[in-house]
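Please read the structure below before turning to the comments.
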Amino acid sequence: LKEKNTFDTKRSALEKEKEQLQQTNGKLKEKINEQTSQVSMIRHQYMRDMKKRDKKVEQLKHSRELLKDSMENMKKDLVQREADMQDELQRVKQRLEAQYERQVEEVRTRLSQRIRELQRRDKTL
């Protein structure tokens, strides 16, 4: 009888321990499921953030290329404008030089005519 009581006591203790272990196991499984769910949510958010970042990087690369092209076009435009201005400056310079030469020639012609007039007047006097 004493052995049966000892056996029953041990059995009861083992059943309680088994029940506690099953409860602990259930709680641990819940925690694992919660943490797995959290990890999944965090991973999903991370992937969304990475996609956004990659898209932003692509946009910035595209913007940089557009800016680079724009700057190249502006450089070419400035070089062309400078060349056009040099050409215009050269034309104006040539026109002014020609105008100056004509005016000098006109003055020489008038002076020559005046000198001849004065010489004729001197001869008549």
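All values derive from a computational prediction rather than experimental measurement.
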Does a side-chain heavy-atom distance below 4.5 Å link L21 with E17?
-> yes
Heavy atoms, side chains only, cut-off 4.5 Å: are D84 and E88 in contact?
-> no
Taking atom [atom1] of [X] as the centre, report whether more than 12 heavy atoms of other residues, nucleotides or ligands fall under 6.0 Å from it.
X: M85; atom1: CE; answer: no
X: R64; atom1: CZ; answer: no
X: R81; atom1: CZ; answer: no

Are the side chain of [X] and the backbone of [Y] linked by a donor-acceptor contact shorter than 3.5 Å?
X: S12; Y: D8; value: no
X: S37; Y: N33; value: no
X: S70; Y: L66; value: no

Verdict with supporting geometry, K93 and L89, side-chain contact (heavy atoms from CB on, under 4.5 Å) | CA-CA 6 Å; K93 183 179 174 188; L89 185 64; 5.6 Å; no
Return the [atom1] to [atom2] distance between [X] and [Y], rounded to the nearest 0.5 Å.
X: K56; Y: L60; atom1: NZ; atom2: CG; value: 6.5 Å
X: D77; Y: E82; atom1: CG; atom2: CD; value: 12.0 Å
X: L78; Y: M71; atom1: CG; atom2: CE; value: 11.0 Å
X: I115; Y: Q119; atom1: CD1; atom2: CD; value: 7.0 Å
X: N25; Y: E30; atom1: CG; atom2: CD; value: 10.5 Å
X: R116; Y: L111; atom1: CZ; atom2: CG; value: 11.0 Å

Do K61 and V57 pass the side-chain contact (heavy atoms from CB on, under 4.5 Å) test, and can you show the C-alpha distance, the side-chain angles, and the key distance before you say yes or no?
-> CA-CA 6 Å; K61 282 181 183 177; V57 165; 3.9 Å; yes
What heavy-atom pair brings N5 and T9 nearest, and what distance separates the two atoms?
-> O-OG1, 2.6 Å
Quick one: do E58 and K55 satisfy salt bridge (Lys or Arg N to Asp or Glu O under 4.0 Å)? Show the steps, please.
-> CA-CA 5 Å; E58 285 304 313; K55 188 175 180 180; over 6 Å; no
For [X], enumerate each residue passing the side-chain contact (heavy atoms from CB on, under 4.5 Å) test, keeping only those at least two apart in sequence or located in another chain.
X: Q99; result: L96, R102, Q103
X: V39; result: none
X: R114; result: E117, L118, R121

Report the residue from K52, Q45, R53 that forms a side chain to side chain donor-acceptor pair (under 3.5 Å) with D49.
-> Q45
Assess whether side-chain contact (heavy atoms from CB on, under 4.5 Å) is satisfied between H44 and S40, documenting all intermediate values.
-> CA-CA 6 Å; H44 183 69; S40 179; 5.6 Å; no
Show your reasoning for whether side-chain contact (heavy atoms from CB on, under 4.5 Å) applies to M47 and K51.
-> CA-CA 6 Å; M47 295 306 284; K51 282 182 183 176; 5.5 Å; no
